[in-house]
Amino acid sequence: MAIGRRQYPFDLIEPKWQAVWERQQTFRAWNPGENIPVGHPFAQRHPEPGLPPKYYVLDMFPYPSGAGLHVGHPEGYTATDILARYRRATGFNVLHPMGWDAFGLPAEQYAIKTGQHPRQTTEANIATFKRQIQALGFSYDWSREVDTTDPEYFKWSQWIFLRLYQSWFNPATNRAESIETLVLPADCVTEEQQRAYRDARRLAYVANAPVNWCPELGTVLSNEEVIDGKSEVGGFPVVRKPMQQWMLRITAYAERLLNDLDGIDWSHSLKEMQRNWIGRSEGAEVEFRVAGADLGITVFTTRPDTLFGATYMVLSPEHRFVEQLTTPAQQAAVREYQRHAAGKSDLERTELAKDKTGVFTGASAVNPVNGELIPIWIADYVLATYGTGAIMAVPAHDERDLEFARKFNLPIRLVVQAPGGGDATGFVGDGVSVNSGFLDGLTTPEAKKAITAWLQEKGVGRRTINYKLRDWLFSRQRYWGEPFPIVWKRDATGALYHEALPDSALPVLPPKLDDYKPTPDGQPPLARARDWVAVSEGVTRETNTMPQWAGSCWYYLRYQDARNPAAMVDPAAEQYWMGTGVAGATPGVDLYVGGAEHAVLHLLYARFWHKVLFDLGHVSTCEPFYKLVNQGLILGEDGQKMSKSRGNVVNPDVVLDAYGADAFRLYEMFMGPLEMVKPWNTQGVEGVYRFLGRAWRLFVDEDSETAFEQGLTTGTASGAELLEQVRLSAAIQDVPGTPEQLKTLHACIKKVTEDLDGMRFNTAISALMVFVNEAISWEVKPRGILRDFLTLLQPFSPHLAEELFSKLAAGDPGSPATLAYVPWPKYDAARLVETTVEIAVQVNGKLRDRLVVPVDLPAAELEAAALASDKVKPFIEGKTIKKIIVVPKKLVNIAVA
RNA sequence: GCGCGAGUGGUGAAAUGGCAGACACGCCAGACUUAGGAUCUGGUCCCGUAAGGGGUGGAGGUUCAAGUCCUCUCUCGCGCACCA
């Protein structure tokens with residue numbers, strides 16, 4: 001070891017207590033109706049019938065990668081573990097689980113390379129992760145461990161998919177309902193028509209739409225998984241390609257996903273990210289007739305008040321009417337432009353964003369408000385996937401339109417006057433309408449209302465709300481994911497249609513394969529398993545699999561009843577842990593901690609599934625995660641993001657070897673506020689490690705420790721045996737604390753308690769340090785005070801706290817076998833009262849003296865004492881005193897002229 | 001470009017509008033020691049021998065009093081990004 005003498009024998013203490021906790025099942029969480037063994041420390045703490053209030057504290061479960069744990073993982077885990085332990089001590093029934101988000105690309109890519117089944121890779125990686133996580137002494141209830149790749153788990157992922165498939169969103173009730181409640185229109189008579197009508201409305205549906213195809217990964221990706229035109233995983237190019245895919249109708253929930261943010265305790269920035277992603281915008285749809293054709297083009301605009309300023313119209317190159325309305329003379333140019341736009345990846349489109357391109361179609365549209373003919377163009381600055389894929393261009397009051405109009409010499413007509421006057425070209429704010437007929441003189445909000453009413457009356461437009469949020473592309477061309485519980489059949493006309501498998505067919509297991517690559521003709525790997533695909537004559541299985549998000553969308557529900565073979569979660573367990581029907585209980589998960597990288601993807605998807613399950617009566621709250629906190633990234637020692645290529649990755653195993661789990665946990669929390677980005681510093685670990693050493697020395701007898709050290713080197717007895725022989729310091733005595741000692745203790749209790757409630761772990765730890773710094777110099781150390789200190793230390797550094805607690809309790813048969821359920825001490829305000837207090841004396845806000853006075857000194861006397869101070873006098877002599885401010889117990893400020 | 005955060009010692013950071021820098025790291029000095037990269041004691045924002053002065057990215061403002069509140073501005077980080 002390169003760090004000199006060990007501060008205390010953490011290498012013996014930590015495995016010892018981890019073994020005790022495992023043997024004792026110390027951290028089992030209990031469900032309603034469960035039998036709690038009388039000997040269990042929970043039963044001893046809570047002898048009364050019924051369960052105490054719940055506290056559900058959740059970590060974002062990890063993807064068990066081959067690289068093992070990273071120091072970033074335990075940051076959030078330590079924070080939640082501290083709170084879990086704190087809540088147990090304050091009397092809650094704590095649910096604190098862990099599991100594995102184990103489907104995913106790396107195991108599959110490894111399988112493609114080596115032929116090793118992803119199951120094997122996954123199991124090995126889980127074993128590594130579990131070993132590393134357990135070495136940190138987290139108080140997880142491992143009996144509830146989940147693994148998304150376990151058939152007993154993904155059975156229920158598939159089951160939830162079937163609920164989505166069997167439901168539609170009823171706009172009248174604003175919620176999901178069984179597809180059976182969907183009223184078929186009278187003209188839907190044949191079986192095929194009825195099926196088509198239903199299939200077009202299910203929450204899980206098949207669409208033939210342009211998707212993000214990643215040739216390198218051999219799969220499609222959701223919009224969320226594409227960053228700057230490249231795959232989020234691997235950074236490979238992504239192109240748009242029309243394909244038949246499963247979609248989930250998350251857009252139906254846009255409004256609720258947005259509104260329900262108001263009722264949950266998430267950070268402002270996180271809510272903003274979700275709001276931006278949902279992207280609600282209010283505006284109007286306006287229909288423009290195409291001149292000389294029986295065709296209407298609907299545009300979406302947030303500025304209907306500028307309709308008089310529309311001087312041309314733009315369709316996205318993919319718009320379905322482009323073909324029909326293009327004049328023969330323009331056909332070649334339009335086709336060429338479409339071909340060019342289609343060949344561009346999203347990346348190229350954004351890269352070329354600076355320079356607008358487009359082509360005239362030759363056709364014109366009629367502006368409904370004034371009958372004016374305006375040219376119709378196509379341009380790729382208009383997105384096919386947003387709004388209606390078509391816009392009315394108002395170059396005078398839209399930057400993009402202005403740029404385009406200037407490039408192609410299109411007219412610019414001012415219709416809004418800027419409040420400050422001057423040239424309003426390019427002015428996009430609110431002003432007053434001009435050159436706009438009946439809108440003239442109206443302010444922008446008034447004009448919007450007036451024109452919308454006019455459009456509605458004429459039947460050529462209406463008020464609408466548009467969302468950026470797209471439906472969720474839910475299928476992947478992968479092996480290592482949940483197969484869909486769906487088969488394909490042919491109807492009387494020979495057309496393919498899909499059908500759900502019954503719940504009894506679940507789980508649908510993936511087939512065995514020798515080769516995990518997609519088929520040569522581009523089919524998903526599952527298509528290689530011919531026997532698996534062919535269910536019976538004319539019935540074939542769906543060969544896509546679900547995305548990795550599926551398993552993580554609901555795992556927090558499974559933890560509540562992880563081994564239930566008959567249901568996703570038992571309703572009584574679900575209601576208990578989600579706090580339903582209990583006054584004062586938090587609705588949903590009490591605290592969810594994880595990285596900000598999941599701010600939109602996972603959290604939006606999980607909220608969506610939860611709402612569907614809520615509508616269908618399977619869960620009892622409308623939101624899953626009541627309070628959510630993002631832990632900040634831990635950077636390398638060089639202040640850069642940790643990465644293999646930079647060589648600045650800190651391996652937790654190495655830190656644990658050198659300093660132990662308690663020091664590691666403590667350091668991760670001592671670095672700074674949880675949410676903040678902060679660099680790792682190994683010397684900082686030594687600081688907290690030394691603190692733990694001081695805490696150890698506060699308790700143990702020096703001579704017996706020296707004997708222990710010598711025993712270890714001679715090696716005649718085992719380390720565990722020798723550890724038992726370390727005695728408590730003789731200074732620890734059964735005496736009441738002095739007022740001074742009690743003040744030190746109660747100040748520490750107060751600070752640690754308040755800081756834990758506010759999740760200020762770093763300052764809580766500093767309070768513990770202050771206590772030890774004080775107590776180490778006490779000649780007599782009252783046992784009761786040290787015992788209370790250990791209950792405060794326990795959440796942070798549980799192994800050392802348990803070891804010292806067991807020594808403190810040795811010979812006391814009534815003492816609990818673990819600190820985990822020992823009640824959290826309450827501070828006594830009476831112990832904190834001071835008899836004297838130091839008062840700052842300021843002159844004009846500048847500190848001139850400090851006076852020690854009795855706390856209850858009346859303000860007038862305090863004022864007199866301040867004025868009498870020798871240090872103050874020179875600053876007030878010969879000056880007029882304007883005012884004297886006296887803040888009791890704090891300061892006196894003398895304002896002089 | 002838009003949205004959201006954050007700027008405090010050599011470093012990580014503390015501070016209900018009330019004594020800026022708690023608690024640590026590092027550094028300096030000392031004690032103990034065969035030894036110290038262990039431990040203990042003291043010191044450590046800057047200028048100044050001191051008295052004193054200056055100081056929380058910058059400029060204003062409110063206040064008896066501002067790191068904290070308000071206005072403008074700069075820098076960095078994160079997110080979104082032709083979203084009509």
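All figures in this text were calculated on a predicted structure; none of them were measured in a lab. Chain letters run A, B, ... following the sequence lines, proteins first and then strands; every chain starts at 1.
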Out of [options], whichever nucleotide has its closest atom nearest the side chain of [X]:
{"X": "Val770(A)", "options": "G5(B), A38(B), C23(B)", "answer": "C23(B)"}
{"X": "Phe670(A)", "options": "C23(B), C4(B), U16(B)", "answer": "C23(B)"}
{"X": "Arg697(A)", "options": "C82(B), G12(B), U39(B)", "answer": "U39(B)"}
{"X": "Trp277(A)", "options": "A81(B), A84(B), C4(B)", "answer": "A81(B)"}
{"X": "Arg690(A)", "options": "C23(B), A38(B), C80(B)", "answer": "A38(B)"}

Establish, with yes or no, whether the OP1 or OP2 oxygen of [N] is under 4.0 angstrom from a side-chain nitrogen or oxygen of [X].
{"X": "Gln683(A)", "N": "G12(B)", "result": "no"}
{"X": "Arg694(A)", "N": "C23(B)", "result": "no"}
{"X": "Ser267(A)", "N": "C4(B)", "result": "no"}

Test: [X] and [Y] ion pair at under 4.0 Å:
{"X": "Asp11(A)", "Y": "Arg6(A)", "answer": "yes"}
{"X": "Asp262(A)", "Y": "Arg275(A)", "answer": "yes"}
{"X": "Glu282(A)", "Y": "Arg280(A)", "answer": "yes"}
{"X": "Glu834(A)", "Y": "Lys889(A)", "answer": "no"}

Side-chain donor-acceptor contacts of residues 673-682 of chain A below 3.5 Å, not counting sequence neighbours, with atom names and distances?
residue	atom	partner	partner atom	Å
Lys678(A)	NZ	Glu75(A)	OE2	2.6
Lys678(A)	NZ	Pro673(A)	O	3.0
Lys678(A)	NZ	Leu674(A)	O	3.1
Lys678(A)	NZ	Met676(A)	O	2.6
Trp680(A)	NE1	Thr682(A)	OG1	3.3
Asn681(A)	OD1	Gln683(A)	N	3.0
Thr682(A)	OG1	Glu637(A)	OE2	2.8

- Looking at Val359(A), Ile376(A), Leu315(A), which hits side chain to side chain contact (heavy atoms under 4.5 Å, CB included) with Val322(A)?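 Between Val322(A) and the candidates, side chain to side chain contact (heavy atoms under 4.5 Å, CB included) is satisfied uniquely by Leu315(A).
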Take the protein atom [atom1] of [X] and the nucleotide atom [atom2] of [N], then report the distance between them rounded to whole Å.
{"X": "Tyr386(A)", "N": "C80(B)", "atom1": "OH", "atom2": "P", "answer": "17 Å"}
{"X": "Trp266(A)", "N": "G5(B)", "atom1": "CH2", "atom2": "P", "answer": "17 Å"}
{"X": "Lys271(A)", "N": "G5(B)", "atom1": "NZ", "atom2": "P", "answer": "13 Å"}
{"X": "Asn276(A)", "N": "C78(B)", "atom1": "CG", "atom2": "P", "answer": "17 Å"}
{"X": "Leu603(A)", "N": "G79(B)", "atom1": "CG", "atom2": "C1'", "answer": "14 Å"}
{"X": "Met273(A)", "N": "C4(B)", "atom1": "CE", "atom2": "P", "answer": "12 Å"}
{"X": "Ile391(A)", "N": "C82(B)", "atom1": "CD1", "atom2": "P", "answer": "14 Å"}
{"X": "Asp755(A)", "N": "A22(B)", "atom1": "CG", "atom2": "P", "answer": "16 Å"}

Taking atom [atom1] in both [N] and [M], compute the distance separating them and give it to the nearest angstrom.
{"N": "C64(B)", "M": "A51(B)", "atom1": "P", "value": "31 Å"}
{"N": "A66(B)", "M": "A15(B)", "atom1": "C1'", "value": "13 Å"}
{"N": "G9(B)", "M": "G26(B)", "atom1": "C1'", "value": "12 Å"}
{"N": "G7(B)", "M": "C28(B)", "atom1": "C1'", "value": "30 Å"}
{"N": "G5(B)", "M": "C70(B)", "atom1": "P", "value": "12 Å"}
{"N": "G58(B)", "M": "U8(B)", "atom1": "C1'", "value": "14 Å"}
{"N": "C72(B)", "M": "A84(B)", "atom1": "C1'", "value": "32 Å"}
{"N": "C27(B)", "M": "A38(B)", "atom1": "P", "value": "10 Å"}

- Distance under 6.0 Å and angle within 45° of ring axis: Lys750(A) vs Tyr827(A):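 Yes, Lys750(A) lies over the aromatic ring of Tyr827(A).
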- Task: Give the stems involving RNA chain B, where a stem is 3 or more consecutive Watson-Crick or G-U wobble pairs (i with j, i+1 with j-1, and so on) under 3.5 Å.
- Result: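 Stem list for RNA chain B: B:1-7 with B:74-80, B:10-12 with B:23-25, B:26-31 with B:39-44, B:45-47 with B:52-54, B:57-61 with B:69-73.
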- Query: Centroid-to-centroid, Tyr312(A) to Phe404(A), below 6.0 Å?
  - Reply: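 Under 6.0 Å, so yes.
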- Task: Run the ring-centre check on Phe670(A) versus Phe761(A) and record whether the distance is less than 6.0 Å.
- Result: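 No, they do not, as the ring centres are separated by 6.0 Å or more.
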Report which part of the nucleic acid [X] touches: base, sugar-phosphate, or nothing (heavy-atom distance under 4.0 Å, all strands).
{"X": "Val887(A)", "result": "base"}
{"X": "Arg275(A)", "result": "nothing"}
{"X": "Thr385(A)", "result": "nothing"}
{"X": "Glu838(A)", "result": "base"}
{"X": "Asn773(A)", "result": "sugar-phosphate"}

- Minimal non-hydrogen separation, Phe288(A) against Met392(A), with atom names: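 So the minimum-distance heavy-atom pair works out to CZ-CB, 3.8 Å.
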- Close residues, residues 759-769 of chain A, relative to RNA chain B [heavy-atom separation under 4.0 Å]: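 Heavy-atom cutoff 4.0 Å gives Asn762(A), Thr763(A), Ser766(A), Met769(A).
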Any protein N or O atoms within reach of nucleotides 49-56 of chain B? Criterion: under 3.5 Å, listing atom names and distances.
residue	atom	partner	partner atom	Å
G53(B)	OP1	Arg848(A)	NH2	3.2
G53(B)	OP2	Arg848(A)	NH1	2.9
G54(B)	OP2	Lys846(A)	NZ	3.4

- Message: So, using side-chain hydrogen bond (donor to acceptor under 3.5 Å, both in side chains) as the criterion, who are the partners of Arg607(A) when residues are at least two apart?
- Response: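 Arg607(A): side-chain hydrogen bond (donor to acceptor under 3.5 Å, both in side chains) contacts with Gln274(A), Glu623(A).
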- Task: Quick one, give me the B/S/- string for nucleotides 61-72 of chain B, reading 5' to 3', where B means a protein heavy atom under 4.0 Å from the base and S means that only happens at the primed atoms, P, OP1 or OP2.
- Result: ---BS-------
- Message: If I take atom CG from residue Leu745(A) and atom CG from residue Leu832(A), how far apart are they, to the nearest 0.5 angstrom?
- Response: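 Reported to 0.5 Å precision, the distance equals 9.5 Å.
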- Query: Rounded to the nearest 0.5 Å, what separation is found between the CG atom of Leu261(A) and the CG atom of Leu257(A)?
  - Reply: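 Answer for the CG-CG pair, Leu261(A) versus Leu257(A), is 7.5 Å.
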- Message: Syn or anti for G48(B)? Use the chi torsion, O4'-C1'-N9-C4 for purines and O4'-C1'-N1-C2 for pyrimidines, with syn inside 90° of 0.
- Response: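 Anti.
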- Task: Would you indicate whether Arg646(A), at its atom CZ, is surrounded by more than 12 heavy atoms from other residues, nucleotides or ligands within a distance under 6.0 Å?
- Result: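 Check passes, neighbour count above 12.
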- Message: Around atom CD of Glu754(A), are there more than 12 heavy atoms from other residues, nucleotides or ligands closer than 6.0 Å?
- Response: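 Counting other residues, nucleotides and ligands, CD of Glu754(A) exceeds 12 neighbours.
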- Message: Between Leu604(A) and Ile278(A), does the side-chain contact (heavy atoms from CB on, under 4.5 Å) criterion hold? Intermediate values first, please.
- Response: CA-CA 9 Å; Leu604(A) 201 63; Ile278(A) 295 166; 4.2 Å; yes
- Task: Nearest-nucleotide wise, let me know which of Thr301(A) and Gly684(A) is further upstream toward the 5' end of RNA chain B.
- Result: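 That would be Gly684(A).
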- Task: Could you check Ala390(A) against Gly687(A) and say which one's nearest nucleotide on RNA chain B is further toward the 5' end?
- Result: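 So the residue in question is Gly687(A).
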